[in-house]
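For reference, the structure discussed in these notes is given below.
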Amino acid sequence: MTRSIGRTALVASAAAGLVAFAGCGGGGGSSASAPGVTKTSVTIGSHQPLTGPAAPGYSEIAPASKAFFAYLNSQGGINGRKINYIYKDDGYNPTNTVNVVRQLVLQNKVFAIFNGLGTPTHTKVVPFLTAEKVPDLFVASGCPCWDDGGKQPETFGWQPSYQIEGKLLGNYIKQKFPGKKVGVFYQDDDFGQGGLAGLKEEISSQIVSAQSYQPGGTNVAPQITAIQKAGADILVDFTIPAYTAIGQLTAFKVGYKPQLVVSNVGIDPTTVGGLLKEFSKGKADTALIEGALTDSYLPPTTDLSNPWIALFKKIHDQYDAKAPFDGNVEYGMAAAYTFAQALKAAGSNPTRASLVAAVEKGGFTGPGVVPFRFSGSQHGGYAGVQIAQVKSGAITPIGPAQVTDPGNGPIKPYTTKQPDPASGGIVKP
Amino acid sequence: MTFARNLAIAVALGVAAYLLSISLSPFDNLRLASMAYYFVALAGLTVLTGLSGQISLGHGALMAVGAYTSAILISRDGWALVPALVAATVVTALVGVLVGVVSARLRGPYLAGATLAFAVGLPGLADKYPHAFGGENGLTVNPPIAPTSLGANFPLERWEAWIACGCALVTFVVLAGLARGRVGRSLRALRDDDVAAQLAGVDVGRLRVLAFVVSAGCAGLAGAAFVAVTQIAAPGAFQLALSLSLLTGIVLGGLGSLWGALWGAAALVLLPSWSDDIAHSLSLSGDVQANLPLAIYGVVLIGVIMAAPTGLQGLVRRLSHVVRGRLFKPEEESA
């Protein structure tokens with residue numbers, strides 16, 4: 001008898017608990033043109049590796065974008081709306097990315113996802129964003145997989161696809177180091193595989209060894225020694241900064257000194273230099289990547305005479321001064337600039353559909369030295385790069401800007417002059 | 001009789017879950033779904049640890065077995081959801097036989113160590129065989145599609161909540177029956193004194209394996225429900241931290257009690273998101289903001305354990321005794 005009363009009490013308290021939980025949910029809606037858009041603001045969201053294996057360097061990107069938006073907001077925003085940028089940590093862990101992005105879309109009710117970072121992470125949320133018709137602009141990854149307007153009409157890349165990068169790096173190797181043996185050290189996902197596919201377009205006969213790693217592990221000696229044993233004169237890294245550093249330290253330890261070539265995403269000298277110092281307890285620094293070949297599609301951060309760099313430096317000093325002024329900060333601001341252009345082009349009452357249509361219409365020029373591959377069918381980001389080299393610890397362009405496609409299309413020089421920041425009507429420098 | 005009552009409670013809970021799911025926002029439905037799959041795993045673990053006295057630090061890995069089984073069956077072999085859920089449960093239970101046979105011979109810290117090795121080692125298989133398991137990238141499945149009879153615009157999150165809550169209710173009925181029946185009594189005897197239990201005719205070895213198998217099956221079902229809700233099976237989701245947080249969940253909720261598993265599941269889902277909200281409502285520098293949720297989570301855990309050493313269910317029981325004492329038996333209290 002008493003027992004059943006106890007049971008009832010338990011069930012009642014359970015129900016009470018559940019109802020209390022129901023009360024704490026919810027979220028205010030607004031009656032503007034689209035979710036996340038009010039008369040005075042536009043809320044956008046992102047997932048970023050603020051912690052975890054990809055955090056070194058990349059964790060600077062979102063604060064830099066936010067700094068750019070803060071500057072833009074101080075000038076009145078876009079069409080009178082301030083941009084409210086919410087970015088959440090996913091630790092470069094795909095499962096967290098799924099949770100974080102669903103929270104941004106369903107709870108924070110963001111208008112669009114902007115610059116979500118990472119290939120293994122972002123691929124997991126594209127089906128959801130496609131189903132919910134949420135614009136997924138300027139993914140912070142060069143995976144060729146974003147460039148699929150047919151299946152993923154809301155998703156757009158921003159940086160050059162790793163395949164285009166691999167192709168142009170391969171083309172340079174073919175011309176400057178004909179007949180030399182090439183080893184490839186790559187991340188075992190669409191990032192590394194895309195880069196490898198691009199290299200193979202140009203130099204499949206020169207590649208003697210291709211070794212992969214899984215992000216998370218710390219011992220890459222088996223891979224590096226395998227490449228050394230294959231006799232590669234040139235080592236091409238399609239790695240995130242932490243693995244560029246670990247790879248170079250390992251190569252140094254085993255006495256392997258090839259000509260280093262690194263994807264743009266894995267070479268920012270400030271980041272890699274810092275990691276080399278940290279991993280070696282102060283014994284190594286940027287000397288281990290000095291002379292490395294890479295590529296770039298934004299002006300070098302050391303060139304303060306470039307009006308874009310001058311603008312970004314000014315914003316950095318005002319809003320994000322604690323971060324080093326490096327390639328990651330430049331990346332975050334440049335991507336934010338493109339987003340501001342897209343939002344402006346989406347009209348005075350932007351909807352999710354009008355934002356996507358504006359990007360497909362394309363024609364954005366800005367800090368990039370090459371044009372974007374944006375159209376109804378192409379969703380690919382920057383169409384090329386220029387070859388560059390690490391000189392005195394800074395990325396210095398050494399070749400002309402070139403454009404191509406991710407397949408076997410021709411490589412062409414691109415000579416149109418970079419516009420001035422003031423000309424776009426987005427910011428007043 | 002017992003079965004009928006358990007079923008009645010399950011139906012009541014089912015109605016509560018249904019009412020919740022139709023009144024909650026999509027994001028809170030997602031939280032409800034997470035609670036439900038955590039409940040399945042915690043309920044299984046509480047049978048093992050709370051009833052039979054065995055400890056497992058490897059339940060996160062068992063969830064991974066269930067998750068990968070269902071992900072492979074659904075995405076590669078095109079299985080429907082329900083058969084995949086059943087298959088994930090069965091496959092994980094079979095893995096549980098293996099682990100259980102080993103665990104029946106081990107006790108205390110040795111058992112913890114063996115299952116710990118399992119938790120640490122198993123997710124590594126995904127990296128070792130990237131072609132089968134997708135490496136660090138993991139495997140993805142398409143979102144479950146609600147039956148068309150529910151309407152074309154039936155929210156995905158509500159359907160996911162229903163799937164996970166369905167799994168939780170089935171688990172509840174099965175485990176409640178088990179715990180209150182002969183097996184449950186034998187398990188409790190085993191936990192309190194295995195020699196005495198053996199003298200009373202309980203087959204200790206077999207019972208320990210059985211407890212592990214049941215517990216593993218639940219973990220497998222939880223893993224499969226996890227895949228149905230998140231559409232991803234990747235090693236990053238099944239690290240040691242998951243096994244530890246499951247253990248945290250049953251201790252926090254109240255060892256050995258299915259209600260405790262329910263509180264534990266709610267705590268595992270709500271505490272981190274609340275502490276996250278708190279951290280974000282304060283304007284702090286990025287580094288502090290990224291780490292503060294963990295610190296808040298830790299402080300709350302310590303607080304709850306100190307205030308309610310028998311877990312939230314112990315607290316509820318104590319409160320209900322007090323309330324019942326006041327309401328129904330004032331004479332007993334004065335005595």
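Only a predicted model underlies this, so the values are computations on that prediction, with no experimental measurement involved.
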Angle between ring planes, B/Y129 versus B/F133, binned at 30° and 60°: parallel, tilted or perpendicular? perpendicular
Applying ring-ring contact (aromatic ring centres under 6.0 Å, His included), name anything that partners B/Y38, two or more places apart in sequence or on another chain. none
Verify whether the ring centers belonging to B/Y37 and B/F39 lie closer than 6.0 Å. no
B/T230, part contacting chain A, at a heavy-atom distance under 4.5 Å: both
Ring centres under 6.0 angstrom apart (B/F238, B/F226): yes
So, using side-chain hydrogen bond (donor to acceptor under 3.5 Å, both in side chains) as the criterion, who are the partners of A/Y58 when residues are at least two apart? none
By a 4.5 Å heavy-atom criterion (distance strictly below it), what part of B/L19 contacts chain A: side chain, backbone, both, or neither? neither
With chain A, the option among B/A237, B/A234, B/P235 that has the most non-hydrogen atom pairs under 4.5 Å is B/A237
Below 6.0 angstrom between ring centroids: does that apply to B/W162 and B/F154? yes
Rounded to the nearest 0.5 Å, what's the gap from OH on A/Y162 to OG on A/S141? Could you check? 4.0 Å
Output the residues of residues 92-106 of chain A for which the shortest heavy-atom distance to chain B is under 4.5 Å, in residue-number order; output 'none' if no such residue exists. A/N93, A/P94, A/T95, A/V98, A/N99, A/R102, A/Q103, A/L106
Can you name the residues that form a ring-ring contact (aromatic ring centres under 6.0 Å, His included) with A/F185, not counting sequence neighbours? A/Y213
Relative to chain A, which segment of B/Q231 carries a heavy atom at a distance below 4.5 Å: side chain, backbone, both, or neither? side chain
Which atoms of B/P143 approach chain A - backbone, side chain, both or neither, heavy atom under 4.5 Å: neither
